[in-house]
Protein chains: 2
Amino acid sequence: MLDDLHAEVATRLDADGQRYTTNRRQIVTILDAADRPLTIADILDGRGLAQSSVYRNLAVLETARVVHRVTSTDGFARYELAEDLTDHHHHLICSACGAVSDFTVSPQLERTLERAMVRVSADTGFRAEHHRLDLVGRCARCA
Amino acid sequence: MLDDLHAEVATRLDADGQRYTTNRRQIVTILDAADRPLTIADILDGRGLAQSSVYRNLAVLETARVVHRVTSTDGFARYELAEDLTDHHHHLICSACGAVSDFTVSPQLERTLERAMVRVSADTGFRAEHHRLDLVGRCARCA
DNA sequence: ATCAGTGCAAACTTTTTGCACCGCA
DNA sequence: TGCGGTGCAAAAAGTTTGCACTGAT
(Lines give C-alpha, C1' and ligand atoms only; values in the text may rest on other atoms or scores of the structure.)
Protein backbone atom coordinates (compact mmCIF):
# COMPACT_ATOMS: atom_id res chain seq x y z
CA MET A 1 0.00 0.00 0.00
CA LEU A 2 1.50 3.27 -1.11
CA ASP A 3 -0.82 5.17 1.26
CA ASP A 4 0.46 3.24 4.24
CA LEU A 5 3.99 4.04 3.21
CA HIS A 6 3.30 7.75 2.96
CA ALA A 7 1.49 7.73 6.29
CA GLU A 8 4.46 6.09 7.99
CA VAL A 9 6.90 8.50 6.33
CA ALA A 10 4.77 11.44 7.45
CA THR A 11 4.86 10.10 11.01
CA ARG A 12 8.61 9.76 11.02
CA LEU A 13 9.15 13.22 9.57
CA ASP A 14 6.73 14.70 12.05
CA ALA A 15 8.65 13.08 14.88
CA ASP A 16 11.67 14.99 13.62
CA GLY A 17 9.75 18.24 13.31
CA GLN A 18 9.91 18.07 9.52
CA ARG A 19 7.20 18.55 6.92
CA TYR A 20 6.22 16.04 4.28
CA THR A 21 6.42 18.33 1.28
CA THR A 22 5.58 17.64 -2.33
CA ASN A 23 9.24 17.15 -3.27
CA ARG A 24 9.85 14.77 -0.39
CA ARG A 25 6.75 12.77 -1.25
CA GLN A 26 7.91 12.56 -4.84
CA ILE A 27 11.34 11.29 -3.82
CA VAL A 28 9.81 8.64 -1.58
CA THR A 29 7.48 7.54 -4.38
CA ILE A 30 10.38 7.27 -6.82
CA LEU A 31 12.47 5.23 -4.38
CA ASP A 32 9.53 2.96 -3.62
CA ALA A 33 9.01 2.21 -7.30
CA ALA A 34 12.66 1.24 -7.87
CA ASP A 35 14.00 -2.27 -7.44
CA ARG A 36 17.46 -1.01 -6.57
CA PRO A 37 19.11 1.89 -4.75
CA LEU A 38 19.05 5.03 -6.89
CA THR A 39 21.74 7.63 -7.52
CA ILE A 40 21.00 11.35 -7.37
CA ALA A 41 21.12 11.36 -11.17
CA ASP A 42 18.50 8.57 -11.25
CA ILE A 43 16.23 10.58 -9.00
CA LEU A 44 16.68 13.82 -10.92
CA ASP A 45 16.29 12.22 -14.34
CA GLY A 46 14.18 14.70 -16.25
CA ARG A 47 11.81 15.39 -13.38
CA GLY A 48 12.68 19.03 -12.95
CA LEU A 49 13.74 18.72 -9.30
CA ALA A 50 16.62 20.90 -8.21
CA GLN A 51 19.75 18.94 -7.41
CA SER A 52 20.36 20.80 -4.17
CA SER A 53 16.83 20.11 -2.99
CA VAL A 54 17.25 16.41 -3.66
CA TYR A 55 20.49 16.33 -1.66
CA ARG A 56 18.90 18.31 1.17
CA ASN A 57 15.73 16.28 1.23
CA LEU A 58 17.57 12.99 1.19
CA ALA A 59 19.59 14.22 4.17
CA VAL A 60 16.37 15.08 6.00
CA LEU A 61 14.82 11.74 5.07
CA GLU A 62 17.93 9.89 6.17
CA THR A 63 17.92 11.59 9.57
CA ALA A 64 14.25 10.64 9.97
CA ARG A 65 15.23 7.03 9.12
CA VAL A 66 13.06 7.04 6.02
CA VAL A 67 15.84 6.44 3.52
CA HIS A 68 19.21 4.79 3.72
CA ARG A 69 22.41 5.70 1.90
CA VAL A 70 24.28 2.94 0.10
CA THR A 71 27.86 3.26 -1.12
CA SER A 72 29.23 1.43 -4.13
CA THR A 73 32.57 1.33 -5.91
CA ASP A 74 31.99 4.30 -8.19
CA GLY A 75 31.83 7.76 -6.66
CA PHE A 76 28.04 7.99 -6.57
CA ALA A 77 25.95 7.77 -3.42
CA ARG A 78 22.80 5.70 -3.77
CA TYR A 79 19.60 5.83 -1.75
CA GLU A 80 16.85 3.33 -0.94
CA LEU A 81 13.92 3.29 1.48
CA ALA A 82 14.81 2.12 4.97
CA GLU A 83 14.54 -1.63 5.34
CA ASP A 84 11.73 -1.51 7.86
CA LEU A 85 9.64 0.31 5.24
CA THR A 86 10.24 -2.33 2.58
CA ASP A 87 11.77 -5.79 3.08
CA HIS A 88 15.11 -6.89 4.31
CA HIS A 89 17.33 -7.59 1.31
CA HIS A 90 20.91 -7.56 0.12
CA HIS A 91 22.89 -6.09 -2.74
CA LEU A 92 24.66 -7.40 -5.79
CA ILE A 93 27.40 -4.89 -6.51
CA CYS A 94 29.16 -4.86 -9.86
CA SER A 95 32.88 -4.40 -9.34
CA ALA A 96 33.25 -3.10 -12.88
CA CYS A 97 30.53 -0.48 -13.29
CA GLY A 98 29.26 0.02 -9.73
CA ALA A 99 25.66 -0.93 -10.55
CA VAL A 100 23.67 -2.16 -7.55
CA SER A 101 20.68 -4.51 -7.58
CA ASP A 102 18.71 -6.29 -4.87
CA PHE A 103 18.46 -9.94 -3.81
CA THR A 104 17.25 -11.92 -0.81
CA VAL A 105 18.46 -15.03 0.98
CA SER A 106 16.61 -17.69 3.00
CA PRO A 107 15.07 -16.77 6.37
CA GLN A 108 17.22 -19.55 7.77
CA LEU A 109 20.43 -17.89 6.67
CA GLU A 110 19.13 -14.58 7.97
CA ARG A 111 18.60 -16.11 11.40
CA THR A 112 22.12 -17.49 11.36
CA LEU A 113 23.46 -14.07 10.48
CA GLU A 114 21.43 -12.45 13.24
CA ARG A 115 22.87 -14.83 15.79
CA ALA A 116 26.41 -14.25 14.57
CA MET A 117 25.84 -10.52 14.79
CA VAL A 118 24.74 -10.71 18.40
CA ARG A 119 27.79 -12.76 19.28
CA VAL A 120 30.20 -10.34 17.60
CA SER A 121 28.59 -7.39 19.34
CA ALA A 122 29.03 -9.11 22.66
CA ASP A 123 32.67 -9.87 21.89
CA THR A 124 33.72 -6.46 20.62
CA GLY A 125 31.67 -3.81 22.41
CA PHE A 126 30.49 -2.57 19.05
CA ARG A 127 26.77 -1.87 19.18
CA ALA A 128 25.53 -3.42 15.91
CA GLU A 129 22.34 -1.99 14.48
CA HIS A 130 22.06 -4.13 11.38
CA HIS A 131 24.10 -6.31 9.09
CA ARG A 132 24.95 -5.91 5.49
CA LEU A 133 25.62 -8.88 3.24
CA ASP A 134 26.64 -7.94 -0.28
CA LEU A 135 27.85 -9.99 -3.20
CA VAL A 136 30.55 -8.32 -5.23
CA GLY A 137 31.21 -9.49 -8.77
CA ARG A 138 30.27 -8.86 -12.36
CA CYS A 139 26.77 -7.90 -13.37
CA ALA A 140 25.25 -9.47 -16.48
CA ARG A 141 26.28 -6.50 -18.61
CA CYS A 142 29.91 -6.45 -17.45
CA ALA A 143 30.55 -10.21 -17.13
CA MET B 1 56.40 -13.08 7.30
CA LEU B 2 56.79 -9.62 5.87
CA ASP B 3 59.32 -10.89 3.32
CA ASP B 4 56.82 -13.38 1.94
CA LEU B 5 54.28 -10.61 1.60
CA HIS B 6 56.66 -8.37 -0.30
CA ALA B 7 57.71 -11.24 -2.54
CA GLU B 8 54.11 -11.99 -3.42
CA VAL B 9 53.35 -8.31 -4.04
CA ALA B 10 56.41 -8.04 -6.28
CA THR B 11 55.16 -11.04 -8.25
CA ARG B 12 51.72 -9.54 -8.75
CA LEU B 13 53.09 -6.18 -9.80
CA ASP B 14 55.53 -7.83 -12.18
CA ALA B 15 52.65 -9.74 -13.76
CA ASP B 16 51.10 -6.35 -14.46
CA GLY B 17 54.34 -4.92 -15.85
CA GLN B 18 54.70 -2.66 -12.82
CA ARG B 19 57.69 -2.02 -10.58
CA TYR B 20 57.77 -2.47 -6.83
CA THR B 21 59.13 0.93 -5.92
CA THR B 22 60.09 2.31 -2.55
CA ASN B 23 56.84 4.23 -2.21
CA ARG B 24 54.75 1.20 -3.11
CA ARG B 25 56.64 -0.97 -0.69
CA GLN B 26 56.11 1.60 2.02
CA ILE B 27 52.37 1.72 1.37
CA VAL B 28 52.12 -2.08 1.51
CA THR B 29 54.07 -2.14 4.76
CA ILE B 30 51.80 0.49 6.29
CA LEU B 31 48.64 -1.36 5.24
CA ASP B 32 50.02 -4.65 6.55
CA ALA B 33 50.72 -3.13 9.95
CA ALA B 34 47.17 -1.75 10.31
CA ASP B 35 44.31 -3.68 11.86
CA ARG B 36 41.74 -1.80 9.80
CA PRO B 37 41.38 -0.28 6.32
CA LEU B 38 43.23 3.04 6.10
CA THR B 39 42.19 6.33 4.55
CA ILE B 40 44.52 8.33 2.32
CA ALA B 41 45.04 10.68 5.26
CA ASP B 42 46.02 7.72 7.48
CA ILE B 43 48.59 6.64 4.91
CA LEU B 44 50.00 10.12 4.38
CA ASP B 45 50.12 10.97 8.06
CA GLY B 46 53.41 12.81 8.46
CA ARG B 47 55.35 10.41 6.26
CA GLY B 48 56.22 12.90 3.54
CA LEU B 49 54.59 10.97 0.72
CA ALA B 50 52.90 13.03 -1.96
CA GLN B 51 49.14 12.70 -1.97
CA SER B 52 48.96 12.20 -5.72
CA SER B 53 51.56 9.43 -5.58
CA VAL B 54 49.56 7.64 -2.92
CA TYR B 55 46.40 7.83 -5.01
CA ARG B 56 48.25 6.68 -8.10
CA ASN B 57 50.08 3.88 -6.36
CA LEU B 58 46.93 2.61 -4.70
CA ALA B 59 45.29 2.51 -8.12
CA VAL B 60 48.21 0.49 -9.48
CA LEU B 61 48.15 -1.82 -6.47
CA GLU B 62 44.42 -2.26 -6.79
CA THR B 63 44.69 -3.24 -10.44
CA ALA B 64 47.38 -5.75 -9.51
CA ARG B 65 45.00 -7.15 -6.85
CA VAL B 66 47.37 -6.25 -4.05
CA VAL B 67 45.06 -3.84 -2.27
CA HIS B 68 41.30 -3.50 -2.02
CA ARG B 69 39.23 -0.34 -1.75
CA VAL B 70 36.58 -0.20 0.98
CA THR B 71 33.80 2.35 1.11
CA SER B 72 32.23 3.66 4.31
CA THR B 73 29.58 6.20 5.16
CA ASP B 74 31.82 9.24 5.25
CA GLY B 75 33.32 10.53 2.01
CA PHE B 76 36.70 8.86 2.45
CA ALA B 77 37.95 5.86 0.50
CA ARG B 78 39.77 3.29 2.58
CA TYR B 79 42.31 0.68 1.52
CA GLU B 80 43.42 -2.68 2.88
CA LEU B 81 45.58 -5.53 1.58
CA ALA B 82 43.73 -8.00 -0.62
CA GLU B 83 42.16 -10.77 1.42
CA ASP B 84 44.27 -13.51 -0.11
CA LEU B 85 47.35 -11.69 1.21
CA THR B 86 46.01 -11.51 4.75
CA ASP B 87 42.99 -13.37 6.16
CA HIS B 88 39.37 -13.28 5.24
CA HIS B 89 37.60 -10.92 7.60
CA HIS B 90 34.67 -8.53 7.89
CA HIS B 91 34.09 -4.95 8.88
CA LEU B 92 32.45 -3.12 11.75
CA ILE B 93 31.31 0.20 10.31
CA CYS B 94 30.34 3.04 12.60
CA SER B 95 27.20 4.73 11.30
CA ALA B 96 28.07 7.89 13.20
CA CYS B 97 31.71 8.60 12.37
CA GLY B 98 32.46 6.18 9.52
CA ALA B 99 35.30 4.42 11.35
CA VAL B 100 35.99 0.90 10.12
CA SER B 101 37.53 -1.98 12.07
CA ASP B 102 37.98 -5.69 11.37
CA PHE B 103 36.36 -8.82 12.78
CA THR B 104 36.03 -12.48 11.85
CA VAL B 105 33.25 -15.07 12.11
CA SER B 106 33.34 -18.84 12.46
CA PRO B 107 34.55 -20.98 9.53
CA GLN B 108 31.20 -22.68 9.77
CA LEU B 109 29.31 -19.47 9.07
CA GLU B 110 31.75 -18.67 6.28
CA ARG B 111 30.95 -21.98 4.63
CA THR B 112 27.26 -21.29 4.90
CA LEU B 113 27.76 -17.88 3.30
CA GLU B 114 29.83 -19.42 0.51
CA ARG B 115 27.06 -21.88 -0.28
CA ALA B 116 24.42 -19.16 -0.26
CA MET B 117 26.55 -17.08 -2.58
CA VAL B 118 26.86 -19.88 -5.12
CA ARG B 119 23.12 -20.38 -5.04
CA VAL B 120 22.36 -16.70 -5.60
CA SER B 121 24.81 -16.53 -8.48
CA ALA B 122 23.09 -19.47 -10.11
CA ASP B 123 19.69 -17.86 -9.62
CA THR B 124 20.52 -14.37 -10.88
CA GLY B 125 23.21 -14.63 -13.55
CA PHE B 126 25.38 -12.33 -11.48
CA ARG B 127 28.93 -13.66 -11.40
CA ALA B 128 29.86 -13.28 -7.73
CA GLU B 129 33.54 -12.93 -6.95
CA HIS B 130 33.33 -12.56 -3.20
CA HIS B 131 30.96 -11.68 -0.42
CA ARG B 132 31.02 -8.84 2.00
CA LEU B 133 29.45 -9.12 5.44
CA ASP B 134 29.56 -5.91 7.44
CA LEU B 135 28.05 -4.94 10.74
CA VAL B 136 26.77 -1.38 10.86
CA GLY B 137 26.24 0.31 14.20
CA ARG B 138 27.95 2.46 16.78
CA CYS B 139 31.62 2.11 17.60
CA ALA B 140 32.73 2.28 21.21
CA ARG B 141 33.53 5.99 20.90
CA CYS B 142 30.19 6.96 19.35
CA ALA B 143 27.86 4.61 21.26
C1' DA C 1 69.90 7.45 -21.96
C1' DT C 2 65.39 6.02 -21.28
C1' DC C 3 61.17 5.80 -19.29
C1' DA C 4 58.36 4.80 -15.31
C1' DG C 5 57.63 7.12 -10.93
C1' DT C 6 57.31 11.35 -8.22
C1' DG C 7 55.71 15.83 -6.45
C1' DC C 8 53.53 20.13 -7.05
C1' DA C 9 49.68 22.55 -8.57
C1' DA C 10 45.72 22.94 -11.35
C1' DA C 11 41.48 20.69 -12.90
C1' DC C 12 37.56 17.86 -12.24
C1' DT C 13 33.48 15.65 -10.00
C1' DT C 14 30.36 15.03 -6.45
C1' DT C 15 28.36 17.12 -2.61
C1' DT C 16 27.40 21.12 0.41
C1' DT C 17 26.28 25.84 1.36
C1' DG C 18 24.69 30.98 0.77
C1' DC C 19 21.13 33.65 -0.43
C1' DA C 20 16.99 35.51 -2.34
C1' DC C 21 12.36 34.02 -3.53
C1' DC C 22 8.23 31.18 -3.00
C1' DG C 23 4.48 28.85 -0.74
C1' DC C 24 2.11 26.30 2.60
C1' DA C 25 0.51 26.45 7.59
C1' DT D 1 2.42 36.66 7.53
C1' DG D 2 6.16 33.91 9.16
C1' DC D 3 9.25 30.32 8.54
C1' DG D 4 10.68 26.30 6.35
C1' DG D 5 11.45 24.71 1.54
C1' DT D 6 13.17 25.64 -3.08
C1' DG D 7 16.31 26.72 -6.86
C1' DC D 8 20.19 28.90 -8.70
C1' DA D 9 24.89 29.65 -8.40
C1' DA D 10 29.07 29.60 -5.84
C1' DA D 11 32.01 27.04 -2.67
C1' DA D 12 33.93 22.99 -0.53
C1' DA D 13 35.91 18.36 -0.33
C1' DG D 14 37.90 14.37 -2.24
C1' DT D 15 40.05 12.64 -6.21
C1' DT D 16 42.30 12.86 -10.71
C1' DT D 17 45.35 14.78 -14.14
C1' DG D 18 49.20 17.72 -16.55
C1' DC D 19 53.74 18.64 -16.48
C1' DA D 20 58.47 19.01 -15.50
C1' DC D 21 61.95 16.68 -12.66
C1' DT D 22 64.07 12.54 -10.57
C1' DG D 23 65.93 8.08 -10.30
C1' DA D 24 66.45 3.35 -11.17
C1' DT D 25 67.70 0.00 -14.85
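Order of the sequence lines fixes the chain letters, A, B, ..., with proteins taken first and strands second; residue numbering starts at 1 for each chain.
Among residues at least two apart or in separate chains, ring pair (Phe, Tyr, Trp, His ring centres under 6.0 Å) pairs with a member in residues 77-102 of chain B are His88(B)-His90(B), His88(B)-His131(B), His89(B)-His91(B), His90(B)-Phe103(B), His90(B)-His131(B). Sequence neighbours left out, the pairs with a member in residues 41-55 of chain B that pass side-chain hydrogen bond (donor to acceptor under 3.5 Å, both in side chains) are Arg36(B)-Asp42(B), Thr39(B)-Asp42(B). Annotation: salt bridge (charged side-chain N to carboxylate O under 4.0 Å, His left out) contacts involving residues 77-94 of chain B, sequence neighbours excluded, comprise Arg12(B)-Asp84(B), Asp74(B)-Arg78(B).
With rounding to whole Å, Ile43(A) atom CD1 is found 14 Å from dT6(D) atom P. Summarising the geometry, the separation between CD on Gln18(B) and C1' on dT6(C) is reported as 14 Å, rounded to the nearest angstrom. Rounded to an integer number of Å, the gap from CG of Leu58(B) to C1' of dT15(D) is 12 Å. At whole-Å resolution of the value, CG in Asn23(B) and P in dC8(C) are 12 Å apart. Taking atom OH of Tyr20(B) as the reference point, atom C1' of dG5(C) lies 15 Å away to the nearest angstrom. Leu44(B) places its CG atom 10 Å from the P atom of dG7(C), with the value rounded to the nearest Å. Atom-to-atom, CG of Asp42(B) to P of dG14(D) comes out at 13 Å; the value is rounded to the nearest Å. Protein atom CG of Asp74(B) is 9 Å distant from nucleotide atom P of dT15(D), rounded to whole Å.
Every residue two or more places apart in sequence or in another chain was checked for a side chain to side chain contact (heavy atoms under 4.5 Å, CB included) with Ala7(A), and none qualifies. For Asp14(A), the side chain to side chain contact (heavy atoms under 4.5 Å, CB included) test picks out no residue, with sequence neighbours left out. Listed by chain and number, the residues in a side chain to side chain donor-acceptor pair (under 3.5 Å) with Glu129(B) are Ser95(A) (sequence neighbours excluded). Listed by chain and number, the residues in a ring pair (Phe, Tyr, Trp, His ring centres under 6.0 Å) with Tyr20(B) are His6(B) (sequence neighbours excluded). With sequence neighbours left out, the side chain to side chain donor-acceptor pair (under 3.5 Å) criterion links Asn23(A) to no other residue. For Arg111(A), the side chain to side chain contact (heavy atoms under 4.5 Å, CB included) partners two or more places apart in sequence, or in a different chain, are Pro107(A), Gln108(A), Arg115(A).
Minimum heavy-atom separation, Ile27(B) to Val54(B): CD1-CA, 4.2 Å.
Closest to the side chain of Asn57(A), out of dT6(C), dG7(D), dT6(D), is dT6(D).
If you take CG on Leu31(B) and CD on Gln26(B), they are separated by 11.0 Å, rounding to the nearest 0.5 Å.
Near DNA chain D, meaning a heavy atom under 4.0 Å from it, residues 3-15 of chain B has no residue at all.
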Atom pairs under 3.5 Å: protein N/O with N/O of nucleotides 23-25 of chain C:
none

**Request:** If a protein heavy atom is under 4.0 Å from the base, mark B; if only from the sugar-phosphate, S; if neither, -; do that for nucleotides 11-17 of chain C going 5' to 3'.
**Result:** ---SBBB

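Residue-level contact check: Thr21(A) touches the backbone only, with heavy atoms under 4.0 Å from sugar-phosphate atoms and none from bases.
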